[in-house]
There are 2 protein chains.
Amino acid sequence: MLRDDVTEAIRLAVFEELAASGYGRLSIEAVARRAGVGKTAVYRRWRSKLPMVIEVVSEVASMGLVLPDTGSLQDDLRMFVHVVARVLRHPLAAQIVPDLLAEAARNPEIADTLATALREAQRDSSAALVRKAVERGELPADTDPELALDLIAGPLYWRLAVARGPVSRDYLDRLAVAIGAALAAGRR
Amino acid sequence: MLRDDVTEAIRLAVFEELAASGYGRLSIEAVARRAGVGKTAVYRRWRSKLPMVIEVVSEVASMGLVLPDTGSLQDDLRMFVHVVARVLRHPLAAQIVPDLLAEAARNPEIADTLATALREAQRDSSAALVRKAVERGELPADTDPELALDLIAGPLYWRLAVARGPVSRDYLDRLAVAIGAALAAGRR
DNA sequence: GGACGACGCAACGCAACCGTTCCGTCGTGA
DNA sequence: TCACGACGGAACGGTTGCGTTGCGTCGTCC
């Protein structure tokens, strides 16, 4: 019964409002205002701000990243950093992701949402990447997948979301090479 | 004229309130309440929330990290990760740093404060670390200090502030080894 | 011992947002 | 054609925080 175009307008407004104000300052009034709908329309869909944000965010975040199997560790890593860089370069994502991660530190429900939607997907991706490399003989069998994820995701996240420095194609390629070397050295 | 004990109580309250509510939700009323002082005492010191937070945070953040020169790249890296890990494991820091970094994305004044107080200090540290290693012949001369900082700070920040996983002494040592290998591979 | 000033406290008017309710409109399906 | 229900809009009382003001207390310096 609820009109899809209204729902979609609200969804978009939630993202824009999250980026502009952050979760802490986000208000349902502002979301409705930005979406051009009445508060009633929002409350008809969600009981409050938390479930609204959780539903809207998890729907997008759980889409996951598509990471092809290129057949070599080095190319897998190149693919990985390029894909992640493309996502995190999106202005909305670059603004919202760090905000929600910070909020997750004090809100268990948001923490759960991000853990399942973002981290598990990424952990699985990197674990698969490592496993395949081990099977190919490109990495030692005792490579630590936990450490590997930190080495793969950390520098890129730092660069894009924390330091917010420029990221050239050349930089990403060199980063992938460096990560490959780090993985080979980071035995369990 | 302003009483030092009152000022100190407010400072502490700002940190606790930042950790508990985040910058977005932080209110001067709550700070005064937590510090056990009147709102008047706060407004007598700062015109509003932003200058208050900026002054209090920058005073602490600008203390900088002391990074000894051990004489070898590997030990320098071990020192670095252990020192940073100790700082970021502090509950207040672990809560406040990601929050302020997220807020910095939409507030230029906070961004400036963090850039000078945190990143410049850290960038200088890692740049010095790389420079010394190059002089010792442990790293190639064309090592990229920008990439180096990302490789050093990224994994640790990801682990401690994003994934919030456990960090054992053994893990830190292996991380330092992996970073060393990555640095050697990440030519400009 | 008296003046000064920071202190806590309470109250002010104002604004924003909460979650709810009522209303008149409009599109859709029976 | 008519009933139903989601819609936008307006208003509700209540809460929270803003930044300011006035007051009486208390410690300090002259």
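Side chains included, hydrogens not; waters and symmetry mates left out as well; all remaining heavy atoms used. Naming convention: chains lettered A, B, ... in sequence-line order (proteins, then strands); numbering from 1 in each chain.
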Can you tell me the distance, in whole Å, between the [atom1] atom of [X] and the [atom2] atom of [N]?
| X | N | atom1 | atom2 | result |
| --- | --- | --- | --- | --- |
| A:Leu2 | D:dG8 | CG | P | 11 Å |
| A:Asp5 | C:dC26 | CG | P | 16 Å |
| A:Arg3 | C:dC26 | CZ | P | 12 Å |
| B:Glu17 | D:dG17 | CD | C1' | 13 Å |
| B:Asp4 | D:dG27 | CG | C1' | 15 Å |
| A:Met1 | D:dC7 | CE | P | 11 Å |
| A:Met52 | C:dG19 | CE | P | 10 Å |

### Message
Looking at A:Glu146, I'd like to know if its CD atom is crowded, meaning that more than 12 non-hydrogen atoms belonging to other residues, nucleotides or ligands lie closer than 6.0 Å.
### Response
no
### Message
Please determine whether the number of non-hydrogen atoms from other residues, nucleotides or ligands lying under 6.0 Å from atom CZ of A:Arg136 exceeds 12.
### Response
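Buried by this count: over 12 neighbours within 6.0 Å.
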### Query
Where does the angle between the aromatic ring planes of A:Trp158 and B:Tyr157 fall among parallel (under 30°), tilted (30 to 60°) and perpendicular (over 60°)?
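Answer is perpendicular, since the angle exceeds 60°.
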### Positive for side chain to side chain contact (heavy atoms under 4.5 Å, CB included) with A:Leu129, one of A:Leu73, A:Asp69, A:Leu67
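Per the side chain to side chain contact (heavy atoms under 4.5 Å, CB included) rule, the option paired with A:Leu129 is A:Leu73, out of A:Leu73, A:Asp69, A:Leu67.
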### Message
By the definition side chain to side chain contact (heavy atoms under 4.5 Å, CB included), identify the one residue from A:Gln95, A:Arg34, A:Arg11 that meets it with A:Glu16.
### Response
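Only one of A:Gln95, A:Arg34, A:Arg11 forms a side chain to side chain contact (heavy atoms under 4.5 Å, CB included) with A:Glu16, namely A:Arg34.
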### Query
Would you call A:Val130 and A:Leu149 a side-chain contact if the rule is heavy atoms closer than 4.5 Å?
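No; the side chains remain at least 4.5 Å from each other.
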#### Entry: Within residues 28-46 of chain A, residues whose heavy atoms come under 4.0 Å of DNA chain D
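Contacting residues: A:Gly36, A:Val37, A:Gly38, A:Thr40, A:Ala41, A:Arg44, A:Arg45.
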### Message
Salt bridge check, A:Asp173 against A:Arg169: does any charged N sit closer than 4.0 Å to a carboxylate O?
### Response
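A salt bridge is absent here (no side-chain N lies under 4.0 Å from a carboxylate O).
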### Query
When you check the gap from the basic side-chain N to the acidic O, do B:Arg45 and B:Glu55 get nearer than 4.0 Å?
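Not counted as a salt bridge, because no side-chain N and carboxylate O are separated by less than 4.0 Å.
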#### Entry: Nucleotide nearest B:Ser48 when distance is taken to its side chain, options D:dG8, D:dG19, C:dG5
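Looking only at side-chain atoms, B:Ser48 lies closest to D:dG19.
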### Query
Can you list, by residue number, the residues of residues 18-26 of chain A that have a non-hydrogen atom closer than 4.0 angstrom to DNA chain C?
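Contacts with DNA chain C under 4.0 Å: none.
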### Task
Give the minimum heavy-atom separation between B:Ala178 and A:Gly186, together with the two atoms involved.
CB-CA, 4.2 Å
